[in-house]
Amino acid sequence: MPEIITAKSAGFCFGVQRAVDTVYEEIARGGAIYTYGPIIHNEEVVRDLEEKGVRVIESPQEIDALESGTVIVRSHGVPEKLMNRIESSRAHCVDATCPFVKRIHNTVAAQSAKGDKIVIIGNAGHPEVEGIMGWSLTPATVIETREEAAAFNEKTQRTLCVVAQTTFNQNKFQELVDILKQKGYNITVVNTICNATRERQEEAKRIAAVADVMIVIGGKHSSNSAKLYEICRRECERTFFIQTRDDLHLSLTGEEKVIGITAGASTPKNIIEEVQAYVRTDI
Ligand code: SF4
């Protein structure tokens with residue numbers, strides 16, 4: 001009978017839990033509730049909220065059209081202009097931006113005001129990165145790959161203030177920072193990778209290294225879950241990336257000694273428990 005090891009860090013992190021709790025608290029208070037973008041990258045949770053009357057809005061125009069209600073800003077945060085637009089709308093604004101992301105907004109705002117050039121190491125186009133960009137007073141640059149770091153060639157005397165998307169891979173961040181350093185810029189590095197991500201990635205790697213089968217549970221669009229999969233796949237060839245128990249089709253050989261389970265920051269506890277129970281009965 002294989003041993004099943006579930007990562008302690010699997011599932012909601014502090015910031016996501018806080019944002020989800022905020023939505024349920026607002027539902028209990030009553031009135032029309034909107035989230036700016038899905039509150040988390042998890043279809044099950046978003047569906048449950050929809051059934052409870054929570055609507056997802058996606059554009060500033062939709063905010064302007066609201067007559068009343070509450071707009072909740074999710075843990076990823078939003079650009080400053082958008083935050084102002086929500087706050088000055090007819091709807092009430094509840095800011096559930098994760099405090100760790102808020103700290104990056106504050107750093108970026110302060111350092112760009114001092115004249116630093118802001119460089120964000122992260123996935124361009126990710127809502128968190130777009131939010132961070134929107135707090136810089138001057139145009140920020142997003143760097144995601146070695147090639148982009150190598151091609152960065154801004155002629156400036158200004159200090160580069162380098163921050164990271166909270167879910168970025170630690171080693172890759174260091175690698176990209178080193179490439180920028182070699183170019184002779186004056187650099188201030190603020191490593192804003194969140195501990196929750198780091199711990200989750202390290203624990204996943206440790207478990208995958210000893211597992212015969214590794215299961216990563218996460219939303220299709222969740223970048224931190226995709227990264228977990230990438231990390232686990234490197235350690236364990238038989239790594240499965242699933243959204244819910246229904247996606248899981250383990251064909252065990254009977255030789256497996258360890259089955260590992262981890263989950264991205266947007267995976268609710270009940271889904272993790274369902275997968276655990278399923279794996280146990282499947283053995
Ligand atoms: Fe906040 Fe970290 Fe969770 Fe991002 S991963 S929401 S920064 S606790």
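Computed from a predicted structure; not experimentally measured. Just follow the structure's listing: the first ligand is 1, and inside any ligand the first atom is 1.
Electrostatic pairing of E3 and K257 does not count as a salt bridge here, judged by no charged N lying under 4.0 Å from a carboxylate O. Ion pairing between E230 and R233 fails under the 4.0 Å rule for side-chain N and carboxylate O. We find that R238 and E256 are joined by a salt bridge, their nearest charged nitrogen and carboxylate oxygen being less than 4.0 Å apart.
Here the heavy atom of the protein found nearest to atom 3 (Fe) of ligand 1 is C13 SG, 2.2 Å. Residue, atom and distance of the protein heavy atom nearest to atom 8 (S) of ligand 1 are G15 N, 3.4 Å. Looking only at protein heavy atoms, the nearest one to atom 4 (Fe) of ligand 1 is T166 OG1, 3.5 Å.
Heavy-atom neighbours of K181 NZ from other residues, nucleotides or ligands within 6.0 Å: at or below the threshold of 12.
Near C194, the atoms of ligand 1 lying under 4.0 angstrom from a non-hydrogen atom of the residue are 2 (Fe), 5 (S), 7 (S), 8 (S). Proximity to C98 (heavy-atom distance under 4.0 Å) selects the following atoms of ligand 1: 1 (Fe), 6 (S), 7 (S), 8 (S).
Ring pair Y185/F152: centre-to-centre distance below 6.0 Å.
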